[in-house]
Amino acid sequence: MELPKKYDAQVQEEKWQKYWLENKIFQYNPNSKKKVYSIDTPPPYASADHLHVGHGMHYSQFEFVARFQRMLGREVFFPMGYDDNGLPTERFVETKHKVDKSKITKSEFIKLCLKETEKTGKTYYDLFTRLGFSIDWSLLYHTIGDRARRVAQKSFIDLYKKDRLERTDMPTLWCVHCQTTIAQADLESSDLNSAFNDIIFKCGDQDLVISTTRPELVPACVGLFFHPDDKRYKKLKGKKAKVPLFDYEVPILSDEAVELDKGTGLMMVCTFGDKEDVEKWLKHKLETRVVLAEDGKLNKLAGKYEGMKAKEARKEIINDLKENKLLTGQKDISHAVNVHERCGTEIEFLQKPQWQIKVLDKKKELIEIANKTNWYPAHMKVRYEHWVKNLQWNWGISRQRYYGVPFPIWYCKKCGEVLLADEKDLPVDPMEQKYKGKCKCGSNDIIPEEDVLDTWMTSSCTPEINEDWGGKDKGILPMSLRPQAHDIIRTWAFYTIVKSYYHHNNIPWTDVMISGHGLDPKGKKMSKSKNNFVVAQDVISKYSADAFRFWSATAKLGEDLSYQEKDVLTGQKFVTKLWNASKFGIMHLEGYDGKKAKLDAFDSWLLSKLQKVIKVSTTNFEQYEYSKCKSETENFFWHDFCDNYLEISKDRLYNPDKRGEEGKKSAQYALYNSLLSVLKMMAPITPFITEEIYQLYFKNIEKDKSIHISSWPKHDSKLVDEKLEKTGDKLVEVISQVRKIKSEKKVSLKEPVKEIILDMKEDEVKGFIDDLKAVTKAEKISFGEKLKIVL
RNA sequence: GGGCCUGUGGUCUAGUGGUAUGACGUUUCCUUGACGUGGAAGAGGUACCAAGUUCGAUUCUUGGCAGGCCCACCA
């Protein structure tokens, strides 16, 4: 048969997407006897209306794995989820629609969120299907959907019953912009310009100078501290100092944590400026003078500064201090400040009752359990360990927001008892549903919890959502693979491990593969504001999905990959070459009966080399090194197969009358098997072109409905012949020499060669000679001490 | 300040204890019965720097330097 002259990727790729979907090629079969390979797909935030090549790369990298595992004979569970609840979605909707949370009703806002998430869901679906992802879309979940809400609430109840939760009103991290409590993992550090202000506190007649970056917190000052060894201040211990402008007294105390040489060595402690303040407030049982309210404005304790935002008040207070000659100096500095990663606002500390998952008391266990999971690449585990070791706060899960999963609890107003929802009723919304029954104390006066759960409370349960925990319980825990990028090890990976450990005393997945980031051509992070944003869809439309995926496979796992258009081009060229080589091969497979022929020397040479490629590709792919499979197969295909073997075998394929039918059959056998193996090994990376070629020819013989559910090539040690391979390699080297000489003499490759004298033994190269003669157009081959080529 | 990773021809990159792979680009040639979105050949790297281990290091060790990421500091 003959293949069409040209391959139109845009047309064919669309055709195969449809074919795969319509024929449910990638449907997960829960009743299959095959071993299950389950993937805990990262549910993308429904907070992007554009997807750059980095997104596409990241998802492609574990899509390769899904296809590979399927061909290895596993029943692949490959779901998709959309992370469309919580703060990320709210922030996205707020900015996109310029919404002010205080000027819109809760239900209007939620409606907007749902509308947006539906839209972005479609954007993702389009990109993922365009890239040919072998997702079973019937397994789709939304983190705002019923199943996810139920699981998140069940998770809460289970943690409560296992005494892993506590509700405290300790000072906690607070975002004045989002007006919610947040967790340590939601922090980001940002370099900001600020100033040290030297302010005078009076102690009797003495002027005490403290240095602070936050003069607006002077009215929140509850004590001055110095180091116990600091001779300058020792004698002040126990005395009182007068707070400037606000005219009240605070104690002067000592604490080991104060640094002698920082500022003036005297430190102002406020409620609350930072974590140090919180610690000293606790340890020394200081007074509480909260000046900063939830909205970031100063309250009435601030006197004339009431109602001002912190920054305004800072300016005013500095001015007033200057006027009263209470400011002795100012020094500009730049320092790292913790900001909320969602909005970039500097965080504050606030006393607010909130729920926390206790993790600080289980650091050791949380590190141990992570060791039972295989991390690829292994060094990524260090980031996890580092994060866990350095944790300073328990995981705060209360958010004073709208669009999230509600807490499944009520409180008894009379005795304060926490009343849990019945698991049978999940998911519940206590704001809308009444608690069934009475409190133990007999009271009927029951109020709902108004906060919603942290968005990570749901996304940390993706294995349980996939499992349908508390529902159908599919039995897929622990899952086989968690693919994710390295920037969310401290959040997604960490939180998921916490949950799995507490809920099931087990690991959430056997393997974790951590991929790098897609960067711009200069190696910088892509962002809209920097205008270095390459849209994935544009690249796919210009080249093809296969070419895009080919680029995605160039990076080693875990390495950042800068986007290089030339590498997409290389992918495109590969697709063309594969098409053309297949066209040639299939043309010559006419009449091939699949029977194993007695193999000619160069055919054995090719198949022997192929075995190595199969072995290396397979073992590397099993370790998530898809890039190695790609490069090995590509190299074999382009050089051994196309450049050399196809040229060598041409004479036998074209001229069976001269060279004999046996020689042709042998070539056909090698051709068929090596081409099919190459197609299969490239199928996970470039699924469209390989499917097209498979369907046009191989399907009739192989019978599998799709190359993607055919079996992965098996390494056959019987086909390996090291000695023969070496001889073949040496002769290929001779062929290359002939080409070189012809090229130097600027003559066509068709030009005949008078004689080749080989520096090899005649019986060693016997089986190769006829092919060698044909491919080099040599009139005579003889043997001698030194290689000589006579034109 | 701590940790992790990276540093290879113009660009991007592979692998390796014995001076290096491929791609893109570039130069010359070839319109060969799969392919000119091609083929062949060539030019182009003292492998970030220094010291050490070794017969020998690009590869191992240590120390620099540079870049990236993570964390801490935030009076």
Side-chain angles (χ1 to χ4, degrees), chain A residues 2-3 5-7 187 189 191-192 194 196-197 199 210-214 217 221 224-226 257-259 262-270 273-277 280 333 335-338 346 377 379-387 389-392 486-487 489-490 516-517 519 521-525 543 554-556 558-588 627-628 631-632 634-635 638-639 642-643 646-647 650 653-655 736 738-751 777:
Chain A
E2 212 171 318
L3 263 49
K5 197 162 164 56
K6 293 265 176 192
Y7 170 75
L187 299 178
S189 109
D191 279 318
L192 294 174
S194 183
F196 264 128
N197 300 279
I199 299 172
I210 61 106
S211 269
T212 181
T213 54
R214 304 205 57 187
L217 290 182
C221 178
L224 296 187
F225 280 79
F226 60 87
V258 179
E259 283 173 48
K262 195 154 187 173
T264 57
L266 199 59
M267 170 188 182
M268 161 177 97
V269 168
C270 311
D274 61 22
K275 201 163 185 287
E276 279 299 316
D277 287 354
K280 292 198 185 50
I333 55 157
H335 66 164
V337 176
N338 277 329
E346 288 178 58
H379 69 81
M380 289 295 180
K381 192 171 71 186
V382 178
R383 293 205 188 186
Y384 171 90
E385 284 177 5
H386 196 210
W387 174 255
K389 273 184 197 154
N390 287 309
L391 275 172
Q392 301 192 47
H486 54 61
D487 56 335
I489 291 175
R490 68 174 192 176
H517 282 144
L519 306 172
K522 286 175 192 150
K524 299 275 173 228
K525 217 171 178 173
Y543 298 97
T554 51
K556 264 173 73 176
E559 309 249 297
D560 289 345
L561 176 63
S562 75
Y563 173 73
Q564 301 289 334
E565 189 162 358
K566 68 181 182 62
D567 288 332
V568 183
L569 181 77
T570 308
Q572 192 65 7
K573 284 189 174 179
F574 174 80
V575 168
T576 307
K577 187 79 177 173
L578 194 57
W579 176 256
N580 287 321
S582 299
K583 197 167 71 179
F584 172 85
I586 289 166
M587 188 171 83
H588 288 285
S627 68
K628 185 76 183 162
S631 60
E632 286 286 315
E634 182 192 7
N635 205 38
W638 209 291
H639 299 110
C642 292
D643 293 350
L646 289 188
E647 295 306 324
K650 266 180 184 170
L653 290 168
Y654 276 110
N655 310 310
S736 172
V738 171
R739 282 181 190 145
K740 190 175 166 179
I741 288 167
K742 285 181 182 175
S743 182
E744 276 166 2
K745 299 250 151 120
K746 300 189 178 180
V747 298
S748 157
L749 289 178
K750 279 203 298 193
E751 198 74 13
K777 315 279 178 207

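Because the structure is a prediction, the values reported are computed rather than measured. The sequence lines fix the lettering, A, B, ..., with proteins before strands; numbering per chain opens at 1.
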Check your understanding: Using atom C1' of each nucleotide, how far apart are U11(B) and A40(B) to the nearest Å?
Key -> 24 Å
Exercise for review: Identify whether any heavy atom of F225(A) sits under 4.0 Å from a base atom; if not, whether one sits that close to sugar-phosphate; answer base, sugar-phosphate or nothing.
Suggested key: nothing
Practice item. Using side chain to side chain donor-acceptor pair (under 3.5 Å) as the criterion, list what pairs up with K262(A), not counting sequence neighbours. Key: none
**Study point:** Interatomic distance at P, A41(B) relative to A47(B), whole Å
**Key:** 27 Å
Practice item. Write down the partner of G33(B) under the Watson-Crick or G-U wobble criteria, each distance required to be under 3.5 Å. Key: none
**Study point:** Sugar-phosphate, base or nothing in reach of V258(A), heavy atoms under 4.0 Å
**Key:** base
Check your understanding: For C69(B), what is the paired nucleotide under Watson-Crick or G-U wobble rules, both distances under 3.5 Å?
Key -> G3(B)
Review point. Going by heavy atoms in the side chains, are M267(A) and D277(A) under 4.5 Å from each other?
Key: yes
Point to revise | Pair partner, A43(B) [Watson-Crick or wobble, under 3.5 Å] | key: none
**Study point:** Spacing of K522(A) atom NZ relative to G68(B) atom P, expressed in whole Å
**Key:** 15 Å
Study note, to complete from the structure: Taking a pair to mean Watson-Crick or G-U wobble geometry with both distances below 3.5 Å, U54(B) pairs with none
Practice item. Can you tell me the distance, in whole Å, between the CD1 atom of I210(A) and the P atom of A75(B)? Key: 10 Å
**Study point:** Residue N655(A), side-chain heavy atoms: nucleotide from G33(B), C12(B), C73(B) that is nearest
**Key:** G33(B)
Check your understanding: If you measure from the C1' atom in C12(B) to the same atom in U26(B), how many Å do you get, rounded?
Key -> 16 Å
Review point. How far, in whole Å, is C29(B) from C49(B) if one measures between their C1' atoms?
Key: 42 Å
Check your understanding: What heavy-atom pair brings M380(A) and G558(A) nearest, and what distance separates the two atoms?
Key -> CE-O, 3.9 Å
**Study point:** Side-chain heavy-atom pair N338(A), K275(A) within 4.5 angstrom cut-off
**Key:** no
Got a list of protein N/O to nucleotides 3-10 of chain B N/O distances below 3.5 Å?
residue	atom	partner	partner atom	Å
C4(B)	O2'	H379(A)	ND1	3.4

Review point. For K524(A), what residues pass the salt bridge (charged side-chain N to carboxylate O under 4.0 Å, His left out) criterion, not counting sequence neighbours?
Key: none
Check your understanding: When only distance counts, do a donor and an acceptor, one from the side chain of E259(A) and one from the base of A75(B), lie under 3.5 Å apart?
Key -> yes
Revision key, fill the gap. Nearest-nucleotide check on RNA chain B, D274(A) vs M587(A); residue mapping nearer the 5' end is M587(A)
Exercise for review: Give one of base, sugar-phosphate or nothing for E634(A), where a contact means two heavy atoms less than 4.0 Å apart.
Suggested key: nothing
Check your understanding: Of all residues at least two apart in sequence or in a different chain, which pass the side chain to side chain donor-acceptor pair (under 3.5 Å) check with K280(A)?
Key -> E276(A)
Point to revise | Whole angstrom value for the distance that separates C1' of C73(B) from CD of E346(A) | key: 15 Å
Point to revise | Gap between atom CD of Q564(A) and atom OG1 of T554(A) - 0.5 Å precision | key: 9.0 Å
Exercise for review: Using a 4.0 Å heavy-atom cut-off across all strands, classify C270(A) as base, sugar-phosphate, or nothing.
Suggested key: nothing
Review point. Which value, in whole Å, describes the distance between the P atoms of nucleotides C55(B) and G64(B)?
Key: 28 Å
Review point. If you look only at pairs with a residue in residues 568-584 of chain A, which of them pass as a salt bridge (charged side-chain N to carboxylate O under 4.0 Å, His left out), with sequence neighbours excluded?
Key: none
Review point. Over how many whole Å does the gap from Y563(A) atom OH to C24(B) atom P extend?
Key: 15 Å
Point to revise | Rounded interatomic separation in angstrom, taking CG from D487(A) and C1' from C70(B) | key: 10 Å
Check your understanding: Is there side-chain contact between Y563(A) and L519(A), with heavy atoms separated by less than 4.5 Å?
Key -> no
Practice item. For nucleotides A20(B) and G2(B), find the distance between their C1' atoms and express it as a whole number of Å. Key: 36 Å
Practice item. Find the partner of A14(B): check Watson-Crick (N1-N3 plus N6-O4 or O6-N4) and G-U wobble (N1-O2, O6-N3) distances, both under 3.5 Å, and reply none if neither fits. Key: none
Distances under 3.5 Å between protein N/O atoms and the N/O atoms of nucleotides 37-44 of chain B, please, pair by pair.
residue	atom	partner	partner atom	Å
G39(B)	OP1	K577(A)	NZ	3.2
G39(B)	OP1	W638(A)	NE1	3.2
A40(B)	OP1	D643(A)	OD1	3.4
A40(B)	OP1	D643(A)	OD2	3.2
A41(B)	O4'	S743(A)	OG	3.3
G42(B)	OP1	K740(A)	NZ	3.1

Review point. Between G22(B), A75(B), G68(B), which nucleotide gets closest to the side-chain atoms of S211(A)?
Key: A75(B)
Point to revise | Minimal non-hydrogen separation, H517(A) against D560(A), with atom names | key: N-OD1, 2.7 Å
Exercise for review: Return the nearest nucleotide to the side chain of K777(A); candidates are A72(B), G33(B), G68(B).
Suggested key: G33(B)
Practice item. Between A75(B), G68(B), C24(B), spot the one nearest the side chain of K262(A), thanks. Key: A75(B)
Practice item. For nucleotides U59(B) and G68(B), find the distance between their P atoms and express it as a whole number of Å. Key: 24 Å
Review point. Which part of the nucleic acid does T213(A) contact within heavy-atom distance under 4.0 Å: base, sugar-phosphate only, or nothing?
Key: sugar-phosphate
Check your understanding: How is K556(A) classified with respect to the nucleic acid when contacts are heavy atoms under 4.0 Å: base, sugar-phosphate, or nothing?
Key -> sugar-phosphate
Review point. Between G265(A) and K5(A), which is nearer to the 5' end of RNA chain B once each is assigned its nearest nucleotide?
Key: K5(A)
Exercise for review: Can you tell me the distance, in whole Å, between the CG atom of N635(A) and the C1' atom of U13(B)?
Suggested key: 13 Å
Check your understanding: Over how many whole Å does the gap from N338(A) atom CG to C73(B) atom C1' extend?
Key -> 10 Å
Check your understanding: Considering only heavy atoms from C-beta outward, does the side chain of D643(A) approach that of W638(A) to under 4.5 Å?
Key -> yes
**Study point:** Span that lies between the C1' atom of G9(B) and that of C24(B), in whole angstrom
**Key:** 13 Å
Point to revise | Spacing between R214(A) atom CZ and A75(B) atom P, to the nearest angstrom | key: 9 Å
Check your understanding: Between F584(A) and L646(A), is any pair of side-chain heavy atoms under 4.5 Å apart?
Key -> yes
